[in-house]
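Everything below concerns the one structure shown next.
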There are 2 protein chains.
Amino acid sequence: MLSVAYSAEAKHVTAARLAPQPERLEELFCAVPRESFEAGEGVFWEGDQADHVFKVSEGVLRVFKIIADGRRVITGFLYAGDLVGLSLKDRYLYSAEAVTPVRLRRLARKPFAEALEKWPDLRPQFFARVCDEMATAQDQMVLLSRKSAEERVATFLMLLARRLHGCHPIGRRIHLPMSRLDMADYLGLTIETVSRTITKLVARGVISPEGRHDFAICKPGKLLALCGDGDSYEETIDREPKMRQAIWPH
Amino acid sequence: MLSVAYSAEAKHVTAARLAPQPERLEELFCAVPRESFEAGEGVFWEGDQADHVFKVSEGVLRVFKIIADGRRVITGFLYAGDLVGLSLKDRYLYSAEAVTPVRLRRLARKPFAEALEKWPDLRPQFFARVCDEMATAQDQMVLLSRKSAEERVATFLMLLARRLHGCHPIGRRIHLPMSRLDMADYLGLTIETVSRTITKLVARGVISPEGRHDFAICKPGKLLALCGDGDSYEETIDREPKMRQAIWPH
DNA sequence: AGTCTCTGTTACACACCGTCACACGATTTA
DNA sequence: TAAATCGTGTGACGGTGTGTAACAGAGACT
């Protein structure tokens, strides 16, 4: 079924709106129908045969691994436009579940690979996606390895504020579609710590709550400084060289 | 200089032993001379123009990122045979330094990319390398996110024991070429904690020291169980359900 | 020998964060 | 309406791991 659009020459492509020579990687997914998943529903599981790649078209997905005694690590959240399952060999390295109701397009791995072989222009795009995935993983390792609870939460909020693609119109408003538990498992913390840290940020006027899952960023500069990435000038000059103290004065 | 071998057609390749159609990705690196780096010397730096890819031919490399106040995160150690700098776009995402004296081959990015375009058989190999890198990053995220200090150290020791490629002959002997500080920055701990944890493992007879940087694995099963990956049977049955206590009775 | 430097080990007080407990509000069920 | 359930917030308490030491060993050097 799915391979029809790609196994044939361009003239055979009838059912698809796919151009014979797709210019963008995403176009490969246009030919297949969208599938819907309810919040909490699983899309695939770690260890499954990795037969498909996916493109999220609506909603948010969480991608995670489980270890021995039930500990869960969420390695990423995926939003509309993101591709899932690119950098895999034969089996999925992680499980994927819908955080919100999700609509996505599924493409079998083989036609996907064939398309990459056939149309060289797609390869740099594909490679760029994989590189972004890698860069994100690296940043996450930094976060998990060396950042305090407060820095982790601040970094997460900034991440979502930047990724405000189509989700919400305004730039200083953050929407957190996932539960506190999801956040905790993503940030390597517990729900309680996440909760307390958010409370702290609110108390200091950095952000202000608008319901459980929405916040306004009141002091973007402050929030950025709290990320611990050294993106801000104040942070690097205020600090004694090489000293790592409790970061907030009171 | 270096690009000479690839900027020309195959017939122009004279100085290289490179076959016109290389079968393995590594062969691309045969044409270029080896460079030497002393222990501690830098190979490239985060943010540099990513002009080259590297193949380690001898020694061990560390790859790391630095954040704001000097905190360092080592994202990986690279051994002989490993390729460095694959999954990058225009700039290096991390810095690389020699842990031990290192010899490596440097290949300009452009001819490397051209080779991948020209010889399709190399692409799956390249892709597999990138996937391995990704899988390793995922495992590291699990380690940093949810594992105790003891589990981290145990996991690291098992990793090195498995990667005992050409380094050392015997399978139950681990060589740690890097300093305790390097280990700490890789595992998201401090030197002191690494030191204490190793001491603990020695005290329980799991490993036994043979100098500062060499250990024998006395109880491989026990060490595996301590990794917290659930790879072993003992772990799942010994443990009270869901309880995570201080792990060692004495 | 001696001294210096560097790395690794050990000790102890403390802080951050995890664990446990319970309260609160929203939603569902009886 | 009450009762149950779920997600969340908040408090008290304790433990793992940290920070700051001081100390020990191994080279390198004079």
Side-chain angles (χ1 to χ4, degrees), chain A residues 39-40 62 69-73 99-100 143-154 176-185 187-203 207-215 226 228 240 242-250, chain B residues 38-40 69-72 99-100 143-154 176-203 207-215 226 228 240-249:
Chain A
R62 67 176 162 249
D69 44 0
R71 285 173 279 182
R72 185 181 70 158
V73 178
V99 172
T100 66
L143 181 144
L144 295 170
S145 185
R146 288 290 179 232
K147 288 190 179 179
S148 69
E150 191 170 63
E151 288 171 328
R152 294 182 198 204
V153 172
L176 305 172
M178 68 292 293
S179 70
R180 297 289 190 266
L181 181 58
D182 283 339
M183 289 181 57
D185 285 349
L187 298 175
L189 301 169
T190 57
I191 9 176
E192 294 90 338
T193 302
V194 170
S195 203
R196 273 189 284 260
T197 308
I198 290 178
T199 303
K200 213 186 292 180
L201 291 176
V202 170
I207 55 177
S208 97
E210 307 183 340
R212 283 281 143 78
H213 291 276
D214 292 272
F215 293 87
L226 288 175
E240 326 281 28
K242 296 278 179 191
M243 286 297 295
R244 179 146 57 113
Q245 303 284 0
I247 306 195
W248 50 302
H250 104 261
Chain B
E38 295 170 16
D69 45 358
R71 285 175 277 182
R72 185 181 69 158
V99 171
T100 66
L143 180 144
L144 295 170
S145 184
R146 288 291 180 229
K147 287 192 179 180
S148 70
E150 190 170 65
E151 288 171 328
R152 295 181 197 204
V153 171
L176 306 172
M178 70 291 295
S179 70
R180 295 289 190 267
L181 181 59
D182 284 339
M183 290 181 57
D185 285 347
Y186 180 65
L187 297 175
L189 301 169
T190 57
I191 9 177
E192 296 90 339
T193 302
V194 170
S195 203
R196 277 187 287 258
T197 307
I198 290 178
T199 305
K200 217 186 286 182
L201 290 176
V202 170
I207 55 177
S208 97
E210 307 184 341
R212 283 280 148 80
H213 292 276
D214 292 273
F215 292 87
L226 289 174
E240 326 280 30
K242 296 281 175 187
M243 286 299 294
R244 181 147 53 114
Q245 303 285 1
I247 308 197
W248 54 301

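Residue numbers begin at 1 in each chain, while the letters A, B, ... track the order of the sequences.
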**OP:** Would you mind reading off the distance between B:Lys147 atom NZ and D:dT16 atom P, rounded to a whole angstrom?
**Re:** 18 Å

Original post:
The side chain of B:Ser148 lies closest to which of these nucleotides: D:dT8, D:dT10, D:dG17?
Top reply: D:dG17

Subject >> Pairing residues for B:Phe215 by the ring-ring contact (aromatic ring centres under 6.0 Å, His included) criterion, not counting sequence neighbours >> reply: none

Subject >> For B:Arg196, all residues meeting salt bridge (Lys or Arg N to Asp or Glu O under 4.0 Å), sequence neighbours excluded >> reply: none

Original post:
So what does A:Gly188 touch, heavy atoms closer than 4.0 Å: a base, only the sugar-phosphate, or nothing?
Top reply: sugar-phosphate

Subject >> A:Leu201 side chain reached by A:Leu226 side chain, heavy atoms, under 4.5 Å >> reply: yes

Original post:
Checking all strands, does B:Ser179 fall into the base, sugar-phosphate, or nothing category for heavy-atom contacts under 4.0 angstrom?
Top reply: sugar-phosphate

Original post:
Are B:Arg212 and B:Leu176 side-chain neighbours, meaning at least one heavy-atom pair lies under 4.5 Å?
Top reply: no

Original post:
To the nearest angstrom, how far is B:Met178 atom CE from C:dC6 atom P?
Top reply: 21 Å

**OP:** Figure out the CZ/C1' separation between B:Arg146 and D:dT16, and round it to whole Å.
**Re:** 15 Å

**OP:** Can you tell me the distance, in whole Å, between the CG atom of B:Asp214 and the C1' atom of D:dA26?
**Re:** 15 Å

Original post:
Quick one: B:Glu150 CD to D:dT18 P, roughly how many Å, whole number?
Top reply: 14 Å

Original post:
If every non-hydrogen atom of B:Gly188 is compared with every non-hydrogen atom of A:Ser145, which pair is closest and at what distance?
Top reply: CA-OG, 3.3 Å

Original post:
Within less than 4.0 Å of OP1 or OP2 of C:dT10, is there a side-chain N or O belonging to B:Ser195?
Top reply: no

**OP:** Would you please name every residue forming a side-chain hydrogen bond (donor to acceptor under 3.5 Å, both in side chains) with A:Arg72, sequence neighbours left out?
**Re:** A:Asp182, A:Asp185

Original post:
Can you tell me if the side-chain N/O atoms of B:Thr190 get under 4.0 Å from OP1 or OP2 in D:dG17?
Top reply: no

Subject >> Axis bend over the full length of the helix from C:dA1-D:dT30 to C:dA30-D:dT1, computed from five pairs that close each end, to 10 degrees >> reply: 20°

Original post:
Considering only heavy atoms from C-beta outward, does the side chain of B:Val153 approach that of B:Lys200 to under 4.5 Å?
Top reply: no

Original post:
Between D:dT16 and B:Thr193, is there an OP1 or OP2 to side-chain N/O distance shorter than 4.0 Å?
Top reply: no

Subject >> Contact summary for A:Pro209 and A:Val202, nearest pair of heavy atoms >> reply: CD-CG1, 3.6 Å

Subject >> Spacing between A:Arg212 atom CZ and D:dG7 atom C1', to the nearest angstrom >> reply: 8 Å

Subject >> Those residues that, when tested against A:Arg152, pass side-chain hydrogen bond (donor to acceptor under 3.5 Å, both in side chains) (two or more places apart) >> reply: none

Original post:
Is A:His213 near enough to D:dG7 that one of its side-chain N or O atoms lies under 4.0 angstrom from OP1 or OP2?
Top reply: no

Tabulated below should be each protein N or O lying under 3.5 Å from an N or O of nucleotides 11-13 of chain C; please produce it.
{"from": "C:dC12", "atom 1": "N4", "to": "B:Arg196", "atom 2": "NH1", "distance (Å)": "3.4"}

Original post:
What integer distance in Å separates B:Leu144:CG from D:dG17:C1'?
Top reply: 15 Å

Original post:
Expressed in angstrom and rounded to an integer, what is the separation of B:Leu176 atom CG from C:dT7 atom C1'?
Top reply: 14 Å

Original post:
Looking at CG of A:Leu189 and CG of A:Leu144, how far apart are the two atoms once the value is rounded to the nearest 0.5 Å?
Top reply: 8.5 Å

Original post:
Checking all strands, does B:Leu189 fall into the base, sugar-phosphate, or nothing category for heavy-atom contacts under 4.0 angstrom?
Top reply: sugar-phosphate

